[in-house]
Amino acid sequence: MALPFFSTPVRAGFPSPAEDHQEDRLDLNSLLVRHPAATYYLRAKGDSMTGAGIQDGDLLMVDRAIEATPGMIVVAAVDNEFTVKLLEATPSGFCLAPANPHFEKIVLKDAQELTLWGVVINVIHSVHPHN
């Protein structure tokens with residue numbers, strides 16, 4: 001669905017009449033989704049990723065077609081328990097790190113299974129309170 005797009009940046013100060021600056025219509029899917037068949041959304045729960053700008057309740061756009069590399073935020077399953085964390089390389093493999101110092105890293109033990117479900121490519125954060 002394409003919605004009106006105003007190309008002039010909005011200032012957080014003196015107001016500017018925006019109607020004069022509408023240039024086109026913008027479809028967020030065409031702007032944000034690189035691999036439509038491999039992209040899905042999910043909602044974040046908890047506050048272990050607040051340092052990466054992911055808040056409780058945010059909508060995450062995840063792309064399964066992107067190869068996950070260390071430093072990326074990933075959706076992962078550890079023994080079928082899903083989580084969103086930073087992928088980190090360790091001498092023995094990978095670990096999953098939170099972006100909040102109040103949480104511990106998930107260091108995989110020998111018998112644990114790690115499955116990567118995709119790379120988080122966008123976060124939609126609402127500033128309007130939900131009722």
Side-chain angles (χ1 to χ4, degrees):
M1 173 174 62
L3 299 173
F5 173 62
F6 297 90
S7 64
T8 302
V10 63
R11 300 185 191 281
F14 187 74
S16 170
E19 289 180 15
D20 298 339
H21 301 285
Q22 180 177 339
E23 289 188 10
D24 205 349
R25 297 185 72 76
L26 177 66
D27 179 355
L28 288 178
N29 288 316
S30 66
L31 179 69
L32 302 176
V33 178
R34 291 180 251 165
H35 307 105
T39 301
Y40 64 94
Y41 299 92
L42 57 83
R43 197 154 301 273
K45 177 107 175 108
D47 58 357
S48 71
M49 294 300 290
T50 55
I54 298 174
Q55 308 293 324
D56 185 45
D58 283 354
L59 191 63
L60 307 179
M61 181 183 287
V62 182
D63 190 331
R64 291 188 68 149
I66 297 174
E67 182 180 347
T69 58
M72 291 182 168
I73 299 173
V74 297
V75 174
V78 178
D79 295 336
N80 295 318
E81 294 285 328
F82 285 91
T83 188
V84 174
K85 298 285 184 280
L86 288 161
L87 184 65
E88 286 188 356
T90 68
S92 61
F94 293 105
C95 76
L96 300 171
N100 181 333
H102 296 100
F103 290 82
E104 299 289 324
K105 288 183 179 182
I106 299 172
V107 179
L108 300 172
K109 297 177 178 64
D110 290 335
Q112 287 185 301
E113 181 182 344
L114 172 66
T115 305
L116 297 178
W117 283 82
V119 174
V120 176
I121 56 172
N122 290 292
V123 178
I124 300 169
H125 175 79
S126 178
V127 295
H128 186 272
H130 296 104
N131 293 335

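- Rounding to the nearest 0.5 angstrom, the gap separating the CD1 atom in I121 from the NE2 atom in H35 is 8.5 Å.
- The minimum heavy-atom distance linking V123 with L60 is given by the pair CG2-CD2, 3.9 Å.
- When every heavy atom of V75 is checked against every heavy atom of F82, the shortest pair comes out as CG1-CD2, 4.3 Å.
- Proximity of a side-chain donor or acceptor of D79 to a complementary backbone N or O of E113 within less than 3.5 Å is detected.
- V119 and L42 are not part of a single hydrophobic cluster, where members link through side-chain heavy atoms under 4.5 Å apart.
- R43 contributes a side-chain N or O that, together with a main-chain N or O of G57, makes up a donor-acceptor pair within less than 3.5 Å.
- Considering only residues two or more places apart in sequence or on other chains, K105 meets the salt bridge (Lys or Arg N to Asp or Glu O under 4.0 Å) condition with E88.
- To the nearest 0.5 angstrom, T83 atom OG1 is 14.5 Å from W117 atom CH2.
- Side-chain contact between E104 and P98 is absent, with no heavy atoms from C-beta onward closer than 4.5 Å.
- Under a 3.5 Å cut-off, the side chain of N100 and the backbone N or O of D47 do form a donor-acceptor pair.
- Under a hydrophobic-cluster definition in which Ile, Leu, Val, Met, Phe, Trp and Tyr are linked whenever side-chain heavy atoms come within less than 4.5 Å, directly or via other members, I73 and I124 are assigned to different clusters.
- Note on L87: it does not cluster hydrophobically with V84, by side-chain heavy-atom contacts below 4.5 Å among ILVMFWY residues.
- Here the straight-line distance linking atom CG of D58 with atom CE of M49 works out to 11.5 Å at 0.5 Å rounding.
- The two residues D56 and G46 have their closest heavy-atom pair at OD1-N, 2.7 Å.
- With L96 as reference, L114 is the one residue of L114, V107, L86 to meet the side-chain contact (heavy atoms from CB on, under 4.5 Å) rule.
- Cluster annotation: M72 and L116 are assigned to the same hydrophobic cluster (Ile/Leu/Val/Met/Phe/Trp/Tyr, side-chain heavy-atom contacts under 4.5 Å, transitive).
- Between atom CD1 of residue I106 and atom CD of residue Q112 there is a gap of 8.5 Å, rounded to the nearest 0.5 Å.
- To the nearest 0.5 Å, atoms OG1 (T39) and CD1 (I66) are separated by 7.5 Å.
- Remark: T50 OG1 to Q55 CD distance equals 6.0 Å, nearest 0.5 Å.
- V120 and Y41 are assigned to two separate hydrophobic clusters, defined by single-linkage of ILVMFWY side chains at heavy-atom distances under 4.5 Å.
- For Y40, there are no ring-ring contact (aromatic ring centres under 6.0 Å, His included) partners, not counting sequence neighbours.
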